[in-house]
Structure formats: C-alpha cells, structure tokens
Peer 1: 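Input: one structure, supplied below.
We number each residue from 1, following the sequence as shown.
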Amino acid sequence: MKKNFVKTLAVALFATTGIQTVAAQQQVANNRREVILQVLDQSRPNEYVPAAFFLHFENKLGRKAVQDHKDFYRATNMDFVKVFYEIVVPQIDIRNGKDWERVPVYDEDFFAPQVAVIEDLAREFGKEAFILPTVYSPLALAHQTLGRDKDLKKLAEEDPKAFGQAIKNLSLSIENYLRAARKHGADGFYVSSQGGDGNSLSPKIWNEYVREWDKHVSEVANEIGEINILHICDYGTPFKNAEALYAFTDYPASIINVPLNFSDGSTLNLKEAQQRFSRPIFGGLERLGVIATGTIEEAKKAVDKVLENAPQNFILGADCTVPGETDWEKLRAVIDYAHTWRQTHK
C-alpha cells in the first residue's frame, strides 16, 4: 500500500481536494515555512490548518533513511519535515548509584550519522519547509545508558549527585547534537521532554537534579533555532492531569505538543492549554486512536470534533508518534482534509 501510494503521488503529487486546484495546492506546498509562521502569529486567525504526523521507519540512518523521510513527506503532504532521532548512546554497566559517574559527554562526532540525514533532507526541502529534527531528553538517554532490565529510579536514588552529573553530561551531549544539526541545515527542533511525572523518578530527584538540564535542551534550541516544538512526552508514564503539564510553561518553545489523556481520567481542553502556554498547540488526535486503527472516514470525523473545539491558530497532529504500520494514504487524506477544513466548515 505504501509503495504503490508513493508511486501514484510521483505522477500527481498534489491532486485536487474538492475546492483546491492542483496549482493552489502546489503554491501551498512551496510555502510551508510561511504557513507555519502564520500559525505563530496570534494576532489574526488562521484559515489554513497545517498538519503533520510521524512514524518511525524501518531504515534508521544512511541513504535509505533519507529516502524514507523524503517519500513520507511527499506522500503525506505534511507541513514540515520532522527528522527522526535514531542514535542510541552506549549502554554502561551501572550496578550502583556511584556508577553514574561513568557517563561521559558525547561530542559532535558521535552524532555525525544523524546529522548526515538532517543535512541531506535540508538540501532537498530546506527552502520549502522547516527541517525539525527530533531531540530526545537527557532522561531518555539515561534510560538508554542503563538498558531495560535495570531500575533507573532505584539507581538514581542511591546516589542522586552522581545521577545528576550523568544527566548534566547527557544534556551537554544533546547540546552538541543541537549545534551540529543547526550548522548542517536544521531550522529548529522537536524537543521531547520526558519526566516529572513521578513514575520514572521521584519528584525530589526530578526537581533537584533533572529539571534544570531537561530545560537546558529547550533553552539551547531556543537560542540557536528559528522555530521549535516542545513535545511533552507521556510515553508509558501518563501525567496525572492537565495541571501537571503546566509545570512546563517556562520551557522556551514556539509550539507545544501535549498529551490528551491523564491518569485521573480527565482529558485536555485544547483552548485552555493554548491559553496557559501562550503558544500554539500542535496535536488533537490520539496516536493509537482512529488515526491508527480507523477508516479514512472515521478519521475525518475525529478531525471534525478536534477542529470544532480547537483554538483558531492550531496545527493538527497526534499526541505522539503513530504506529509504524499506519496507512500513509489515510494520513494524506486526513492532512488534506485539515488543510481546507476552515474554508469548508464555515
């Protein structure tokens, strides 16, 4: 399905959507940087609704990964190029809290394979769309360092200072990646913050040893990038309620991508979230909901519900990465539908 769909689009990439002509769609496609900047302008309502969804590719790095990114961007008609982060830091045999002292700072050369993917995509699409590489959090890299079979929370509490130094070193490593990526074509970043939810760490460890360096990633991205998205990630560790998200309002970012459901059973109000963050919200659909499992028509009905209640300046997407087997043709249909929704639903 995916390969056939890409081949079809190679012949007629921007087919009509009911009210738009091929020429009109091509004009939009050539100005995707502009449509995202329009969303950032909160002084006037947005008629065009940008949209984007992400999924991991089988090919992680190298030429094949670059081609997968190109095919996906062209096939789905999304409004910026999100480059997946696929570098994994080495595991270190951490048997007790003091062993966190063994975590180094990784230099720019360590991230060179990832930066090469960014550079190729920037060369291809940088004039028409923002190139926004994914950035993992220092806590996510700490999990990679430790491996899956060890208790991070326990080992962090054994020696909080050593753990804090490891988090600092991993944050400085990420800074090296950010600066290298920016030099080689990244316009900004999709920064993932994962933590502060009470599951991976105690609130004391998070607040005293992690938060500063988690926030540092966003601060560096803000310093060097033209536009950044802060993704508040709840993968495997849901936040209690929306108030828990608002602890991140002091993180610098242009756009906020937020969870939709919380462990206390409540759900996010998109308009309230945009007001509290004072920045545009990106999201609205559950990554494991109809966008992944439903039909195209079911997905469009879900888009209707989201956009009927969304802020005026808004980017449609999911609360996190959609499953890898998600149908590209459905993503394309939903994205095209969102682009013209405000014109067709007045």
Peer 1: Are Y136 and Y85 near enough that their ring centres are under 6.0 Å apart?
Peer 2: yes
Peer 1: May I ask you to decide if the ring planes of F239 and F248 are parallel, tilted or perpendicular, using 30° and 60° as cut-offs?
Peer 2: perpendicular
Peer 1: Please work out whether the ring planes of W100 and F163 are parallel, tilted or perpendicular, with thresholds of 30° and 60°.
Peer 2: perpendicular
Peer 1: Does this structure show an ion pair linking D336 with K300, if we count only N-O contacts that are shorter than 4.0 Å?
Peer 2: no
Peer 1: Is the Y190 ring parallel, tilted or perpendicular to the H231 ring (thresholds 30°, 60°)?
Peer 2: parallel
Peer 1: Can you find a pair of side-chain heavy atoms, one from L288 and one from T293, that are under 4.5 Å apart?
Peer 2: no
Peer 1: Do the two ring centres, one from F130 and one from F80, sit under 6.0 Å apart?
Peer 2: no
Peer 1: How about NZ on K150, more than 12 heavy atoms from neighbouring residues, nucleotides or ligands closer than 6.0 Å, or not?
Peer 2: yes
Peer 1: I'd like to know if E157 pairs up with K154 as an ion pair, taking the criterion as any Lys NZ or Arg NE/NH1/NH2 lying under 4.0 Å from an Asp or Glu carboxylate oxygen.
Peer 2: no
Peer 1: Among residues at least two apart in sequence or on other chains, which ones pass salt bridge (Lys or Arg N to Asp or Glu O under 4.0 Å) with D109?
Peer 2: none
Peer 1: Do F277 and Y246 have their ring centres less than 6.0 Å from each other?
Peer 2: yes
Peer 1: Might you confirm whether atom CD of E58 has over 12 heavy atoms from other residues, nucleotides or ligands at distances under 6.0 Å?
Peer 2: no
Peer 1: For R123 and D120: C-alpha separation, side-chain torsions, deciding distance, then whether salt bridge (charged side-chain N to carboxylate O under 4.0 Å, His left out) applies.
Peer 2: CA-CA 5 Å; R123 189 181 301 113; D120 280 351; 2.7 Å; yes
Peer 1: Tell me, please, which residues at least two apart from K183 pass side chain to side chain contact (heavy atoms under 4.5 Å, CB included).
Peer 2: E108
Peer 1: Establish, yes or no, whether a centroid distance under 6.0 Å links the rings of Y73 and F125.
Peer 2: yes
Peer 1: My understanding is that only residues two or more places apart in sequence, or in another chain, count here; which of them pass side-chain hydrogen bond (donor to acceptor under 3.5 Å, both in side chains) with E272?
Peer 2: none
